[in-house]
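Okay, structure first, notes after.
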Amino acid sequence: MAVQRDMPYIWITWLTKLLVGEYSCEWAAWFRANHEGGSYDKVPSTFDATEWKLKHTELLTSVRSNMEADGRTVFTESQNSFKLKGSTAILAGKPDLITVSDGVGTVLDVKTGEPSPSHHVQVMLYMYSIPKAFQQYRGVVFDGKVVYQDHEDYVPNSAVDDTFIGNLSNLIQRLVSTSPARRVPSGVECGFCNITAADCSERMEETDVDTGDTQDF
Ligand code: SF4
């Protein structure tokens, strides 16, 4: 049985697809934010985590080595774990790489899959959080980069503007509310969700997607 958390806890990757509109079901993030992760069953993943980890580590190591060869000090993964405590929730994350040079910071996230706007938002959430969460980065202005196998996308600090912070704040307020957030079941989105039917009574399966016929094309 799902156990209520003492304080809502939100992992940054639960927010990214919601913020860019790739996902619509806020209830999944609301449920995770408000319940201890180890207290409820999860749908087993078909994702090949081992293969992903191997590819991710290879690209991460290559990016880090190139930056160090340029004389930069680079902090990686677990060194970058943070929890940012607000008045209503804890926001947590673990950026792949952080480097600071002459008072200018860069946070990088490495992606081995297809590019997605949610990757930019993930980096923007790190750019927002890091100077607040880490004592040593107080006052540092961060730019961001999403690094893919064949190119990298630059994310300027100016992207983390009042509109972005307002959208983030509004989403978090919906996720920490005692009223459950909006639930939007669909065969596609439920197919990527690990919350079982025991906790989400409206869960649909991928095969539940309606299909029809037409002679119009
Ligand atoms: S199973 Fe579907 S409806 Fe339920 S929380 Fe997950 S995405 Fe939302």
Side-chain angles (χ1 to χ4, degrees), residues 1-53 56 81-96 109 111-126 128-129 146 163-212:
M1 168 142 178
V3 174
Q4 187 87 18
R5 294 185 192 272
D6 293 336
M7 185 176 194
Y9 179 93
I10 299 168
W11 193 249
I12 270 182
T13 52
W14 301 344
L15 305 179
T16 54
K17 285 183 164 57
L18 290 171
L19 282 167
V20 298
E22 280 181 41
Y23 281 1
S24 305
C25 185
E26 293 185 357
W27 195 92
W30 173 86
F31 181 81
R32 293 181 187 118
N34 288 285
H35 297 91
E36 298 285 352
S39 69
Y40 56 90
D41 289 336
K42 300 182 183 69
V43 176
S45 175
T46 55
F47 178 69
D48 189 339
T50 305
E51 188 187 348
W52 174 84
K53 190 70 187 159
H56 183 265
S81 285
F82 67 83
K83 290 179 184 171
L84 177 61
K85 190 165 183 243
S87 54
T88 59
I90 295 167
L91 185 62
K94 190 170 72 170
D96 283 337
D109 221 55
K111 300 292 183 191
T112 54
E114 293 296 312
S116 159
S118 65
H119 299 158
H120 287 218
V121 166
Q122 186 174 345
V123 165
M124 288 160 67
L125 289 167
Y126 295 145
Y128 164 80
S129 303
V146 185
T163 301
F164 176 76
I165 295 168
N167 289 342
L168 170 64
S169 177
N170 289 339
L171 175 57
I172 289 178
Q173 290 317 307
R174 293 195 295 277
L175 300 185
V176 303
S177 172
T178 50
S179 304
R182 187 164 171 255
R183 183 152 35 188
V184 187
S186 70
V188 174
E189 204 164 319
C190 296
F192 289 104
C193 180
N194 68 356
I195 299 173
T196 69
D199 291 304
C200 178
S201 58
E202 296 185 37
R203 183 181 177 88
M204 294 174 68
E205 299 305 324
E206 219 168 332
T207 48
D208 292 334
V209 175
D210 286 340
T211 56

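Counting convention: from 1, in listed order, for ligands and their atoms alike. In this chain, numbering begins with 1 at the start of the sequence shown.
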Are the side chain of [X] and the backbone N or O of [Y] linked by a donor-acceptor pair below 3.5 Å?
X: Arg203; Y: Ala198; value: no
X: Asp109; Y: His120; value: no
X: Lys83; Y: Tyr9; value: no

> Are Tyr128 and Phe164 an aromatic pair by the rule of ring centers under 6.0 Å?
Replying inline: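 Centroid distance Tyr128-Phe164: not below 6.0 Å, so no.
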>> Can you give me the closest heavy-atom contact between Ser116 and Glu22, atom names plus distance?
In response: OG-OE2, 2.7 Å
>> On a heavy-atom basis, which atom in Ala33 and which in Ile10 lie closest, and how many Å separate them?
In response: CB-CG1, 3.8 Å
> What is the number of protein N, O or S atoms that sit under 2.8 Å away from atom 4 (Fe) of ligand 1?
Replying inline: 1
